[in-house]
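See structure below.
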Amino acid sequence: MAVTLYGDNQVSDDRPTVQVTAVSWPGEDEPPTAGGATGSSPGGGPWWRRGRVLLAGGVTTAVLAGVVGAGAYAYAGDVPRGTSVLGTELGGRSRADAAKELRAELEKRATTLNAPLTVVVGENRAEIVPADVGLTVDVDATVAAATDAQAHPVDRLFGSRTVEPVVTVDAAKLDAALRQILGKQGRDMTMPAIIFTGTTPKPVYPKPSLTLDAEQSARVVRTGWLAGQPVTVPVVEKNPVTTREEVDRLVAELAKPAVAAPVTITSDKGSVSVPPAAIARALRFSADDEGKLTPKVDVKRLRSALGSKLAAIESTPKDAGLTISAGKPKVVPGRAGQQLDSAALGRDLLAVLPKTDGRTVTGQLKEAAPELTEAKLAELGIKERVSTFSTKFPGGLSSPRSQNIIQAAKDVDGTIVQPGETFSLNAHTGERGYAQGYQDAPVILGGKLVPGVGGGVSQFTTTLFNASYYAGLQDVEHKPHSFYFSRYPAVIESTIFWPDLDFKFRNNTPHGVLIDTAYTSNTITVSMWSTKIYDSVKTEYGPRRNITSPKTVHLTPGPTCIAAAGSTGFSQDAFRVIKKDGKVVKREKFSWTYDPEPNFVCGPKPS
């Protein structure tokens, strides 16, 4: 057998294996003799045979020693010999020494590696700082890759190999930086949709986005960084899953037939006809992040569209509640109801909407428990008044403006905001129109007072905002008036306008919050009831600055002209200071700039 150092595929050990056959000469078995006698040695064999055996043993020992020495050299260290990274030989070293050597090489290249990298995104070119996006060589991972490099035993002696360094990058930071460079070249995906104008379905056709693929961008930048050359980052088109043709098919096969005729819902307690207008409000076509358009019947919207019609077959559950009696919260028990199974109703309605006949669905009535039971209510810890705030209004209770304030107060009275929940005034009252009991009264629109339905609700909003503010609850959304009105506290006040301007606060306490409202002929009061967790909540004001005077504006006289005395404009800061256990635990800054309200005069300028 030959030495397996040269690539025997059957080797099962990483070390070279040597097998040597003893050397023989011709006629070895019949050696010459003297006097016809056979020579012998003390060891039992001829002297000449023993010498040749010793010679063969010496050769064997020499070969073995050489091979073992070569193996020891080839397999020294953790990294296979002949392995280099960034031109630096790491072969034959331990992991620790290889890491030290690689760090030394990176230190030599620090100026180049830390230099801004030029990237080209579409038609835009810019530089990014490697450290800002986390571009770095992972030394330990690179050494591990070098250690695992495949090297044949002979290659360990005579071969060489290059291992690419492992480069890491913060993909999120890189994507944000590249998107800034992309700028207006990019465009968002236009998601497919089908919307209803009345009962007419209108298709919204999909359009691809022009954007970046974060994973692909990271791969390109990682590869190009070490080369020190400008890197071109590909801009890609991403198409929504649902095509234009599929949108047209959904319109023809579902949206149009859906509103062509009513659908009847039957139950053990009677039946209800669902008109096309209600179907149009409830049938939704929603696209997911990939642009896949899926139809669905939104039963919550359907209930809203049908209004009181469902009362013929349903009884609505009522939540347990609280009322204030003799200065203390008193529990008002809730009750269970019977409602159509929403999941089954939505599924069954969707199945019959494409049909021209057989448009009847059998509804399944199920017991509906109230969301807030007396037991759950008891756990909320609503036991004491934690804040109260009042504002005054003119005109008595008979004026339309006063009636709007009182209507909003009635809509909100008794509301319970659970821990972690965000209260939205717009979401709670819904649209404040004539049908909801609101009347025409002055509102600020286009920089002046004009008649508008729901005018005056801003005063209730300000009162509610301050009650939540002094309860220490988290402000989520509010917007002060553009003009300052002396009936409100400066800065810490809020307007509202359906549907664009809202007021929201979050119950950031571990206890429930009850909103309690009360009114007189000239005041509106909002109180918050919960468990008190702060010693005090107070306001500190900074000085008024940037004071501006109003100008006089003459308006055309008529029923839409509302005169105003005007007011000065200014900027001011207010600080909410919250104390607990005798220490200030929070100090929040609120700032606002008021425009000067013009002195509006209903009449022409004097000549």
Side-chain angles (χ1 to χ4, degrees), residues 300 317-336 368-390 408-409 411-429 460-479 489 492-494 496 502-518 525-540 574-590:
K300 187 175 181 180
K318 181 182 178 183
D319 284 345
L322 292 171
T323 186
I324 304 302
S325 177
K328 293 183 178 181
K330 181 181 178 182
V331 174
V332 178
R335 65 168 185 268
E371 290 186 15
L372 185 59
T373 63
E374 294 172 54
K376 289 181 181 178
L377 187 60
E379 296 172 358
L380 293 179
I382 301 174
K383 62 182 183 181
E384 58 191 331
R385 188 166 64 186
V386 295
S387 71
T388 187
F389 198 83
S390 299
D411 288 344
V412 172
D413 188 41
T415 298
I416 293 174
V417 186
Q418 299 201 43
E421 184 181 358
T422 295
F423 173 90
S424 160
L425 185 53
N426 274 346
H428 198 85
T429 66
F460 175 74
T461 307
T462 288
T463 311
L464 179 62
F465 168 69
N466 274 268
S468 68
Y469 172 97
Y470 283 107
L473 301 173
Q474 180 184 343
D475 175 40
V476 175
E477 178 183 342
H478 85 281
K479 183 179 183 296
I492 49 174
E493 48 94 2
S494 181
I496 196 167
D502 198 2
F503 163 60
K504 298 177 182 178
F505 72 84
R506 179 176 176 270
N507 179 6
N508 56 330
T509 77
H511 312 290
V513 173
L514 168 69
I515 302 175
D516 177 54
T517 67
T525 299
V526 178
S527 300
M528 299 288 183
W529 293 73
S530 186
T531 292
K532 194 170 185 179
I533 58 177
Y534 299 120
D535 297 345
S536 66
V537 181
K538 296 183 178 180
T539 301
E540 296 177 0
F575 299 88
R576 178 163 67 165
V577 182
I578 301 177
K579 288 186 176 181
K580 183 178 181 180
D581 299 329
K583 299 178 181 179
V584 174
V585 293
K586 195 177 294 185
R587 182 181 176 88
E588 296 175 290
K589 182 180 180 180
F590 295 79

(message) Walk me through whether Phe465 and Val526 qualify under side-chain contact (heavy atoms from CB on, under 4.5 Å).
(response) CA-CA 9 Å; Phe465 168 69; Val526 178; over 6 Å; no

(request) Check step by step if side-chain contact (heavy atoms from CB on, under 4.5 Å) holds for Ile416 and Leu377. (result) CA-CA 9 Å; Ile416 293 174; Leu377 187 60; 3.5 Å; yes

(request) Take Leu322 and Trp529 through the side-chain contact (heavy atoms from CB on, under 4.5 Å) test and state the conclusion after the steps. (result) CA-CA 10 Å; Leu322 292 171; Trp529 293 73; over 6 Å; no

(request) Evaluate side-chain contact (heavy atoms from CB on, under 4.5 Å) for Phe460 paired with Leu425, printing each intermediate quantity in order. (result) CA-CA 10 Å; Phe460 175 74; Leu425 185 53; 4.2 Å; yes

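Taking every heavy atom of both residues into account, Asn426 and Asp502 meet most closely at N-OD1, 2.9 Å. Nearest heavy-atom pair, Gly512 versus Ser530, reported as atom, atom and distance to 0.1 Å: O-OG, 2.7 Å. For the residue pair Ala320 and Glu374, the shortest heavy atom distance occurs at CB-N, 3.7 Å. In terms of heavy-atom proximity, Pro489 sits nearest to Thr462 at CD-CG2, 4.4 Å. Residues Thr509 and Pro419 come closest through the heavy atom pair O-CB, 3.4 Å.
Annotation: side chain to side chain contact (heavy atoms under 4.5 Å, CB included) contacts of Asp411 (sequence neighbours excluded): Gln407, Thr429, Tyr438. Applying the salt bridge (Lys or Arg N to Asp or Glu O under 4.0 Å) criterion to Glu379, with sequence neighbours excluded, gives no partner residue. For Phe423, the ring-ring contact (aromatic ring centres under 6.0 Å, His included) partners two or more places apart in sequence, or in a different chain, are His428, Phe505. For Lys376, the side chain to side chain contact (heavy atoms under 4.5 Å, CB included) partners two or more places apart in sequence, or in a different chain, are Leu372, Thr373.
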Side-chain donor-acceptor contacts of residues 382-389 below 3.5 Å, not counting sequence neighbours, with atom names and distances?
from   : atom 1 : to     : atom 2 : distance (Å)
Glu384 : OE2    : Lys532 : N      : 2.9
Ser387 : OG     : Ala467 : O      : 2.7
Thr388 : OG1    : Ser527 : OG     : 2.8

Mind listing the side-chain donor-acceptor pairs of residues 574-583 below 3.5 Å, one per line with the distance, residues two or more places apart or on another chain?
from   : atom 1 : to     : atom 2 : distance (Å)
Arg576 : NE     : Glu588 : OE1    : 2.7
Arg576 : NH1    : Tyr469 : O      : 2.6
Arg576 : NH1    : Leu473 : O      : 3.2
Arg576 : NH2    : Leu473 : O      : 3.1
Arg576 : NH2    : Glu588 : OE1    : 2.6

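Note: Lys538 NZ to Asp535 CG = 10.5 Å, rounded to the nearest 0.5 Å. Taken to the nearest 0.5 Å, the CG atom of Leu514 stands 5.0 Å off from the CD1 atom of Ile324. Between atom CD1 of residue Ile496 and atom OG of residue Ser424 there is a gap of 7.0 Å, rounded to the nearest 0.5 Å.
The side-chain heavy atoms of Pro370 and Arg335, taken from C-beta on, include no pair separated by under 4.5 Å. Within the 4.5 Å cutoff, no side-chain heavy atoms of Thr323 are placed close to those of Pro329.
A centroid separation of 6.0 Å or more is found between the aromatic rings of His478 and Phe503.
A donor-acceptor pair under 3.5 Å links the side-chain atoms of Asn507 to the main chain of His511, judged by distance alone.
The neighbour count for Glu371 CD, taken as heavy atoms of other residues, nucleotides or ligands under 6.0 Å away, does not exceed 12.
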